[in-house]
Amino acid sequence: MASPKLSVIIPVHNEGANIAPLCERLLPVLDRIASAWEVVFVDDGSQDDTLERIREIGRREPRIGAVSFSRNFGKEIAIAAGLDHARGDAVVIMDADLQHPPEVIETFVERWREGYLMVYGQRTDRTGETRVKRGFAQLFYKLFARFGEIPLPEGAGDFRLIDRKGVEVLRTLGEKARFSKGLYAWIGFKATGVPFVVEERRFGTTKWSFRKLFRFAFDGMAAFSTVPLRIWTYIGFVVSFLAIATALFFLVRTLLFGTDLPGFPSLIVSIMFFSGIQLMSLGIVGEYVGRIFAEVKRRPLYVVAERIGGAAEVSNDLVPDASRMRRA
Ligand code: UDP
Ligand code: MG
């Protein structure tokens, strides 16, 4: 077998200014640690000059390629596309904004050679994020640890190395609501963490609004837990029990002291309270039904509009390819 090849997957969405500085720092690292490597950018519907920048660098360095989506599909799906197109024996996933220091990849590869099939970067601190964001992140991880199907390693994100075996398993998971962090943990394999310090974002701003993050957190929860569904059964039991107790109380009181009419405010309040609870539980059920609907539609995960460089030759993706269809 030829010496192992390393693939680096980088999802990019409007990162034009970051492409050149990133390559400047990443390529020397790759040259040092691997005799054969490739970089697969996944252009997630950028509206700026991201793709132009990649094309420019790709002309000088054919080991740099790109898959360009027809629109923005989201980072999770960009990662899935990267896994479809990477050909390495080990695949590294990293962000384009230099928050993931490329030098750490060297340690990833060392661990991989020691026999770990999954090596994840572990952020040592979350400074640089607002307090509120950090608080919500902590709450999410706590809830996930308590109710999720699988434990997530502390502080692990998308910055990681995955062996070919793991990549092939991940590629068979066809779910549309992709919570990669959960999927990485779900596939198992021998894993280890490498601590790293998150650097400042180089150019541009984060692509994650608070709303998007919240959505993402719920996606993650819904994909790996049915507790949000089951909890309503318990709440239903408790409420019914309370109702019976209250009924008994009123029955006894009426028998002993007769009826009295006042009590409208409490009536209205309890009606509103319990309809609120019912709507909430219906809403949660609706969220799951919506996800089932999204899955059964069986749409492809992404649509490729264009390919550049090495990634262009790969045909191992299972989805229709707009750029090919045009040519045919
Ligand atoms: N990204 C993407 N599609 C999106 C949003 C983000 O491909 O819809 C990419 C982005 O270009 C970057 C990485 O995902 O390379 C991480 O995004 P960002 O830095 O905005 O997230 P943060 O570091 O704040 O979590
Ligand atoms: Mg970032």
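This chain uses plain numbering: 1 for the first residue, then up along the sequence. Just so you know, ligand 1 is whichever comes first in the structure, and atom 1 is the first atom listed for that ligand.
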Original post:
Short question: side chain of Thr50, backbone of Glu15 - any donor-acceptor pair under 3.5 Å?
Top reply: yes
Subject >> Ring centre gap for Phe136 and Tyr141 strictly below 6.0 Å >> reply: no
**OP:** Look at the side chain of His100 and the backbone N and O of Asp95, then say whether any donor-acceptor pair between them is shorter than 3.5 Å.
**Re:** yes
Subject >> Side-chain donor/acceptor of Arg164 to backbone N/O of Gly88, under 3.5 Å >> reply: yes
Original post:
Within the structure, does Pro11 bring an N/O atom to less than 3.5 angstrom of an N/O atom in ligand 1?
Top reply: yes
**OP:** Select one of side chain, backbone, both or neither to describe which atoms of Glu15 lie under 4.0 Å from any atom of ligand 1, heavy atoms only.
**Re:** side chain
Original post:
How does the hydrophobic cluster around Val252 look, that is, which other residues are in it when side-chain heavy atoms under 4.5 Å mark a link?
Top reply: Leu256, Phe257
Original post:
Hydrophobic clusters join Ile, Leu, Val, Met, Phe, Trp and Tyr when side-chain heavy atoms are under 4.5 Å apart, directly or via other members; which others share one with Ile292?
Top reply: Phe293, Val296
Subject >> Test of ring centre spacing under 6.0 Å for Phe159 and Phe196 >> reply: yes
Original post:
Do you know which of Lys181, Arg291, Lys176 makes salt bridge (Lys or Arg N to Asp or Glu O under 4.0 Å) with Asp219?
Top reply: Arg291
Original post:
If you leave out waters, which protein N, O or S atoms are less than 2.8 Å from the Mg ion (ligand 2)?
Top reply: Asp97 OD2, Gln99 OE1
Original post:
N/O of Ala96 under 3.5 Å from N/O of ligand 1, yes or no?
Top reply: yes
Original post:
Is it the side chain (CB and beyond), the backbone, both or neither of Asn72 that lies under 4.0 Å from ligand 1, heavy atoms counted?
Top reply: side chain
Subject >> Option with minimal heavy-atom separation from atom 14 (O) of ligand 1, where the choices are Met94, Lys75, Lys212, His13 >> reply: Lys75
Subject >> Interfacing atoms of ligand 1 (cut-off 4.0 Å, heavy-atom, Asp44) >> reply: 2 (C), 3 (N), 4 (C), 7 (O), 8 (O)
Indicate every side-chain donor-acceptor pair of residues 231-238 with a distance under 3.5 Å to a residue at least two apart or in another chain.
residue : atom : partner : partner atom : Å
Trp232  : NE1  : Pro228  : O            : 3.0
Thr233  : OG1  : Arg230  : O            : 3.0

